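The next block holds one structure in the form of structure tokens; read it before the comments.
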Amino acid sequence: MTQSRYARQMVLAEVGAEGQKKLAAGRVLIVGAGGLGAPAAMYLAAAGVGSIGLVDADQVDVSNLQRQIIYDNADQGRDKVTRAAARLQAMNPEVHVAAYPTRLTAANAVEIAAPYDIILDGSDNFSTKFLLNDLAYKLGKPLVYGTILRWEGQASVFWAPHGPCYRCLFPEPPQTYVPNCAEAGVIGAMGGIIGSVQALETVKLLLNGSQGPQKDGLEPLVGQLFHLRAHTMETRRLALKKNPDCPCCSKSPADIVLRDLDNACDANAAKDVPNYAAAELAVGDRWRDFIPLDIRESQEWLRGHLPAAHHWPLSKLQEGLLPELPTRSKPVLVYCQSGIRSQRALQILRAAGWQNLAHLSDGFGAWRGPVVFT
Ligand SMILES: [Zn+2]
């Protein structure tokens with residue numbers, strides 16, 4: 001370990017040589033190498049956290065670069081974890097970085113997470129957040145939680161039995177559609193702020209070690225929710241209550257069965273159907289080769305839609321009601337506003353046995369062809 005590299009933090013009373021050794025021995029698994037996970041990983045690697053694991057199945061997309069500043073323009077199309085690991089390694093060759101280019105699932109979660117001390121949630125979907133909560137509780141590890149949307153962000157540390165878990169707050173995933181960053185938008189710097197808060201909480205947990213959540217005045221956000229509203233830079237720290245009937249932490253860790261939840265934000269749902277960009281289908285009226293199915297809600301439909309489209313909102317599909325189209329002689333082109341909700345619709349239609357489906361990958365928002373109003 002090069003002492004001079006860490007001199008600015010080793011001078012702190014709470015760190016010192018002993019604390020730096022704890023950081024070097026620390027093992028942190030970061031799930032999601034995106035807006036939150038990437039900045040968190042950079043600060044942890046720079047601080048000398050000895051072993052960092054990165055889990056993410058995605059490739060770098062141009063739309064990531066607005067906030068995922070670990071990636072370069074030239075990284076587009078390449079595996080996120082491979083590129084992020086190379087960048088962290090170049091930043092600090094003293095740390096070990098393991099890349100897992102896969103999606104964390106109930107089947108692989110225990111095996112991947114077992115060697116690590118702390119799990120950092122850099123995910124952007126409920127399926128992974130609930131899985132991580134149950135996984136962390138089952139393995140007895142602290143979960144450093146973060147979430148960002150639009151101009152707001154939150155962070156906490158879920159570490160039952162020292163405090164509540166995520167399911168004490170949200171027992172089950174939301175049943176109605178909740179927009180994610182791709183749909184609702186996010187300011188890139190929010191990822192930097194909340195990801196850095198997560199890195200900070202992780203460092204505090206590593207320094208406190210096995211002595212529990214509190215030592216030397218370092219109090220990680222166990223049982224507390226940090227909230228930032230960037231419009232006014234108002235911050236709040238809310239005390240979180242443990243739910244005695246929590247579906248997770250009221251049970252014994254050994255009784256926790258990990259499950260993959262139905263995921264409204266599943267970016268892979270459209271992988272097995274033909275995907276078309278709006279620009280592609282506008283050329284030579286190629287859209288006429290399809291039966292467009294608009295799954296947006298009524299207000300959105302009324303503001304304009306594709307010609308000859310059928311309207312069947314996602315909310316109806318989620319209630320188990322399927323559209324009856326007069327003909328299915330051509331492929332059914334499923335679309336929403338941005339290509340996110342339509343993936344959920346595709347999942348439902350495929351599960352109902354529909355075939356000959358196609359996907360408008362960038363949604364009605366990118367559509368520059370003819371629009372009709374009804
Ligand atoms: Zn709980």
Side-chain angles (χ1 to χ4, degrees), residues 27-32 36-37 40 55 104-114 116-149 152-176 178 180 194 197-198 200-202 204-206 208-215 218-228 236-265:
R27 297 164 297 180
V28 179
L29 182 68
I30 300 177
V31 179
L36 295 169
V55 189
L104 197 81
T105 65
N108 64 18
V110 170
E111 195 188 337
I112 291 177
Y116 294 91
D117 307 313
I118 296 174
I119 302 172
L120 191 150
D121 175 7
S123 72
D124 62 354
N125 63 80
F126 287 108
S127 180
T128 307
K129 290 197 184 295
F130 280 87
L131 176 64
L132 286 179
N133 182 70
D134 298 356
L135 173 70
Y137 180 66
K138 187 175 180 66
L139 300 180
K141 300 177 196 291
L143 173 66
V144 182
Y145 165 84
T147 183
I148 50 173
L149 194 68
E152 296 193 39
Q154 297 181 342
S156 187
V157 174
F158 296 114
W159 193 9
H162 298 291
C165 79
Y166 184 64
R167 281 193 195 260
C168 288
L169 277 63
F170 306 108
E172 297 296 334
Q175 293 304 305
T176 52
V178 177
N180 66 1
I194 299 298
V197 169
Q198 291 180 277
L200 194 55
E201 292 302 301
T202 303
K204 283 153 68 178
L205 288 165
L206 289 172
N208 288 352
S210 54
Q211 303 188 36
Q214 208 175 319
K215 185 179 161 272
L218 295 180
E219 294 179 38
L221 289 164
V222 177
Q224 302 284 336
L225 183 76
F226 170 80
H227 181 104
L228 168 67
R236 281 184 295 165
R237 212 179 77 137
L238 306 166
L240 302 176
K241 284 210 186 88
K242 204 169 170 72
N243 172 6
D245 302 318
C246 172
C248 178
C249 70
S250 67
K251 294 184 193 164
S252 153
D255 293 340
I256 299 296
V257 178
L258 299 181
R259 282 182 300 141
D260 290 312
L261 305 172
D262 183 25
N263 181 12
C265 308

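All ligand and atom numbering here is 1-based and tracks the order in the structure. Numbers for residues simply follow the sequence, beginning at 1. Small disclaimer: the values here were computed from a predicted structure and weren't measured.
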Checklist entry - Out of W159, F226, F170, Y166, which one pairs with Y145 under the ring-ring contact (aromatic ring centres under 6.0 Å, His included) rule? => result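 One option only clears the test, and that one is Y166.
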
For the residue pair [X] and [Y], establish whether any side-chain heavy-atom pair is separated by less than 4.5 Å.
X: I256; Y: C248; result: yes
X: C165; Y: Y137; result: no
X: P142; Y: I118; result: yes

Item to check | Test: R167 and D134 ion pair at under 4.0 Å | outcome: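 Answer for the salt bridge query: yes.
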
Next on the checklist: Distance alone, cut at 3.5 Å: any donor-acceptor contact between the side chains of S123 and D121?
Outcome noted: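 Yes, D121 and S123 have a side-chain donor paired with an acceptor closer than 3.5 Å.
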
Checklist entry - Do any protein N, O or S atoms sit under 2.8 Å from the Zn ion (ligand 1), and which ones are they? => result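 Listed by chain and number: C165 SG, C168 SG, C246 SG, C249 SG.
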
